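Just so you know, ligand 1 is whichever comes first in the structure, and atom 1 is the first atom listed for that ligand. Since this is a predicted model, take the numbers as computed values, not measurements.
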Amino acid sequence: MFSRPCSRVACPRDAVATLTFDYDDSMAVLGPLSTSAEPHSYDLCERHAERTSAPEGWHLVRHTVAGQIGFGT
Ligand SMILES: [Zn+2]
């Protein structure tokens, strides 16, 4: 079973989502946990993924599979 810890400091949970920053488009993309660690990406647990918001001037796009992570609509 593949798993990585949440990248937030002091968070012991397993990551369920990956947040990737696209600097060309000023877009933060939150999607299912990626299978490889990439630059400018952060693995987040469900709680931190839910609380994530885009930095000032950025768009946040959520690509989630319904029911998989449990985001509200
Ligand atoms: Zn976390």
Enquirer: What pairs of donor and acceptor atoms, side-chain ones from residues 19-32 against any protein atom, are under 3.5 angstrom apart with sequence neighbours left out?
Expert:
residue: D22; atom: OD1; partner: D24; partner atom: N; Å: 3.0
residue: D22; atom: OD1; partner: D25; partner atom: N; Å: 3.3

Enquirer: Keeping the roles fixed (side chain from S34, backbone from T18), state whether a donor-acceptor pair exists under 3.5 Å.
Expert: no

Enquirer: If we only count heavy atoms from C-beta on, is the D43 to P5 side-chain gap below 4.5 Å?
Expert: no

Enquirer: Could you report the tightest heavy-atom contact between A54 and L60, atom names first, then the distance?
Expert: CB-CB, 3.6 Å

Enquirer: Enumerate the protein N/O/S atoms at a distance below 2.8 Å from the Zn ion (ligand 1), ignoring waters.
Expert: C6 SG, C11 SG, C45 SG, H48 ND1

Enquirer: Just verifying a value: how many Å separate R47 CZ and R8 CZ, rounded to the nearest 0.5 Å?
Expert: 13.0 Å

